[in-house]
Amino acid sequence: MSKKLVAFFSASGTTKKVAQMIAEEVKADLFEIEPKVPYTKPDLDWMNKKSRSSMEMSDKKYRPAIMKKEMDMSSYDEILLGFPKMEYSL
């Protein structure tokens, strides 16, 4: 039996819920990738063009700093990665 990991980044909690369901279904360990600065509700207001999430999505090169956590991923045979869907308008 292969050892599986579901690693995920979730700003609002939606991706976290899906990651938990997948991990349970495939009997995988779960690992949350967390931003150094947690998102607030105003940060996630995609209707506000000046909100943190809107500003991040408008810059395709931007990636938020993440918390450093010790994790030995070399012991896993399969790693599933989950992250929020990002859409860009031109």
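- Sorted by first and then second residue, the pairs that involve residues 35-46 and meet salt bridge (charged side-chain N to carboxylate O under 4.0 Å, His left out), not counting sequence neighbours, are D43-R52.
- Taking hydrophobic clusters as Ile, Leu, Val, Met, Phe, Trp and Tyr residues chained together by side-chain heavy-atom distances below 4.5 Å, F83 shares a cluster with M71.
- Taking E34 as the reference, K69 meet the salt bridge (charged side-chain N to carboxylate O under 4.0 Å, His left out) condition, with sequence neighbours excluded.
- One finds the NZ atom of K49 at 9.0 Å from the CE atom of M57 (value rounded to the nearest 0.5 Å).
- Annotation for F9 and P84: closest pair O-CD, 3.1 Å, computed over non-hydrogen atoms.
- Sorted pairs that involve residues 20-30 and meet salt bridge (charged side-chain N to carboxylate O under 4.0 Å, His left out), not counting sequence neighbours, are lacking altogether.
- Grouping Ile, Leu, Val, Met, Phe, Trp and Tyr residues whose side-chain heavy atoms lie under 4.5 Å apart, directly or via other members, places L80 in a hydrophobic cluster with V6, F8, V18, M21, I22, V26, L30.
- By the salt bridge (charged side-chain N to carboxylate O under 4.0 Å, His left out) test, E32 pairs with K16, sequence neighbours left out.
- The salt bridge (charged side-chain N to carboxylate O under 4.0 Å, His left out) pairs that include a residue from residues 71-83 number zero, where partners must be two or more places apart or lie in different chains.
- Heavy atoms only, all atoms of each residue included: F31 and L5 are closest at CB-CD1, 3.8 Å.
- The hydrophobic cluster of Y62 has no other members, since no ILVMFWY side-chain heavy atom comes under 4.5 Å of it.
- Scored by the side-chain contact (heavy atoms from CB on, under 4.5 Å) test, P42 finds T40 as partners (sequence neighbours excluded).
- Shortest non-hydrogen contact noted between S54 and N48 is OG-O, 2.9 Å.
- In terms of the side-chain contact (heavy atoms from CB on, under 4.5 Å) criterion, residue partners of S12 (sequence neighbours excluded) are, by chain and number, T14, L44.
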